[in-house]
Amino acid sequence: MSAFPQLSMSPEVREHLRNVYTNNELLSESGADEADLEFEALLSCLSHPPLFTCLRASTHLHPLQDIQRRLEQHLAQQERSPSVYTHPQLPDVLLLPVHGPRPVDRLASEVIVGAQCGNAVLRGAHVFTPGILSTPKYMKVGDVVSVFSDVEGKCTRGAKEFKGKKVFLGNGISEVERSEIFSLDGPRKGVAIRMTEPLYQSPSFDGVLTDQLFLQNLPSVVVGHVLGPRPGERILDMCAAPGGKTTHIASLMQNQGTVVALEKVKSKMEKIIQNAKMLKLDCIKAYCCNSINAVSSDPTQYSADVLIVYLCVFVDGPPYSEESFDRILLDAPCSGLGQRPNMTYSWSLKEVCSYQPLQRKLFTTAVRLLKRGGVLVYSTCTVTLAENEEQVAWALKTFPCLTLEPQVPVLGLEGIPGAGLSHDQRRLLQRFRPELSWRGAGVTLSSESLLQNANTDTIGFFIAKFIKR
């Protein structure tokens, strides 16, 4: 059921995205009416959260069943105790159904939060102080309030009321006074509104079993399995922050071997270190480096400005000589048009189109760094052709040494037409298309359809796997 308006974006970006779903190749296969329905369903489902929360378990430390039992015990202490399911195809995944939209009455007292904060609330988070834009004039501790998201970013911080476009997220209880939120010294940290009647009900996992569970979208977990890391290998994660895929790779290797994680922003690189230590993975080495510059034809050349942070005793950092890695993951920076929930997309068409050349520079570096016989996995969390199937077509033409490889496991659908790939080539790709199951009417939550819904009602995502001959 549609609880929110469709994802809002500029007319130029909307037309650009619509052209993806109505390109000539696709129309010849599905027809114009079906293509239009799929595009409208996409815009609707992107503004809503997926129907399942996916948790990756640290199976390198504990058996999945033990982690499941501990999680169930934790949830049993809360008023809301959802079922916890294992995933039949992914041996390190736990699934929790998200219930919603639920019938919740709106109250007179309104708190307005930013869009990013609102998106987090829809996935089970409470409202933290920095995310609040507006509260009632005399809000005090213990007040029951309705929480709304400012989807257009027009609410002025510190306002006492807001009449602009807003979306209802549910009700909660204030844990701070207004003066503590809008203090001259800046907002205090911590929870400001504890959600008691969320429109979408999902447990909060802040500080829950942090060394055993990692909150991660299902397609992102699939990526690690598709890469297929083995103990003892040397693997590169080129755009690694915040470290979810990095730590998954290390876990699948049973913490044996070397995982090099590159991230050009120091604070994000430090987050990788934090996650690796929390999950007790010491085979990870994180480096602050722009991955475009991570390859050198001269193995004795090292950048003086590269900040190296050691998670184990090792002395080689970027740039690396060619053919240095057994497997490489390029989870590329992208336009993010597959992320859910997202009610407003504020980027311009120029910004959306800027990612393709950046991805190609990173891809070129990845091919140079990959050993012969090695595996390269390319992934994005967007739904455009230019950043997905077109990149695959470009890669196969530009690098004759690359061939597409079958993926295991396959939970998504094949790639879509429009980039000139053959049907056999598109069948080797994985594209997660939530719009096909959603279609604006929601899906059932029966136990029989659990696996089907979990695999289809995800974020929009793309995966391609290559081998270097």
- Message: Could you walk me through whether Arg368 and Glu322 satisfy the salt bridge (charged side-chain N to carboxylate O under 4.0 Å, His left out) test, starting with their C-alpha distance in whole Å, then the side-chain angles of each, then the deciding distance to 0.1 Å, before giving a yes or no?
- Response: CA-CA 5 Å; Arg368 293 178 64 190; Glu322 295 188 0; 2.8 Å; yes
- How far apart are the C-alpha atoms of Arg431 and Glu387, what are their side-chain angles, what is the distance that settles it, and do they pass the salt bridge (charged side-chain N to carboxylate O under 4.0 Å, His left out) test? CA-CA 12 Å; Arg431 185 184 261 261; Glu387 299 170 80; over 6 Å; no
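Within the 4.5 Å cutoff, the side chain of Ile272 has no heavy atoms near those of the Asp237 side chain.
Between the side chains of Thr247 and Arg56, at least one donor N or O lies within less than 3.5 Å of an accepting N or O. Using modelled atom types, one finds no donor on one side chain facing an acceptor on the other under 3.5 Å when comparing Gln339 with Asn119.
Taking the six-membered ring for Trp and thresholds of 30 and 60 degrees, Trp438 and His48 have ring planes inclined between 30 and 60 degrees apart. Classified by interplanar angle (parallel below 30°, tilted 30° to 60°, perpendicular above 60°), the ring pair Phe4/Tyr200 is tilted. The aromatic rings of Phe148 and Phe168 lie tilted to each other, with the angle between the two planes from 30° to 60°. Note on ring orientation: taking the six-membered ring where Trp is involved, the planes of Tyr378 and Phe462 are perpendicular (angle over 60°, cut-offs 30° and 60°).
Between the side chain of Asn23 and the backbone N or O of Glu25, at least one donor-acceptor pair lies under 3.5 Å. Within the 3.5 Å criterion, the main-chain N or O of Leu404 finds no donor-acceptor partner in the side chain of Gln425. Of the possible polar contacts, none joining the Arg194 side chain to the Glu175 backbone as a donor-acceptor pair under 3.5 Å is found. Side-chain atoms of Asp457 come within 3.5 Å of backbone N or O of Leu51 as a donor-acceptor pair.
To the nearest 0.5 Å, the span separating CG on Asp36 from OH on Tyr21 amounts to 13.0 Å. A distance of 13.0 Å separates CG in Leu413 from CZ in Arg427, rounded to the nearest 0.5 Å.
Taking a 6.0 Å sphere around CD of Glu152, one finds it holds more than 12 heavy atoms contributed by other residues, nucleotides or ligands.
Checking Asn453, Leu218, Asn217 one by one against Phe52, the side chain to side chain contact (heavy atoms under 4.5 Å, CB included) holds for a single residue, Asn453.
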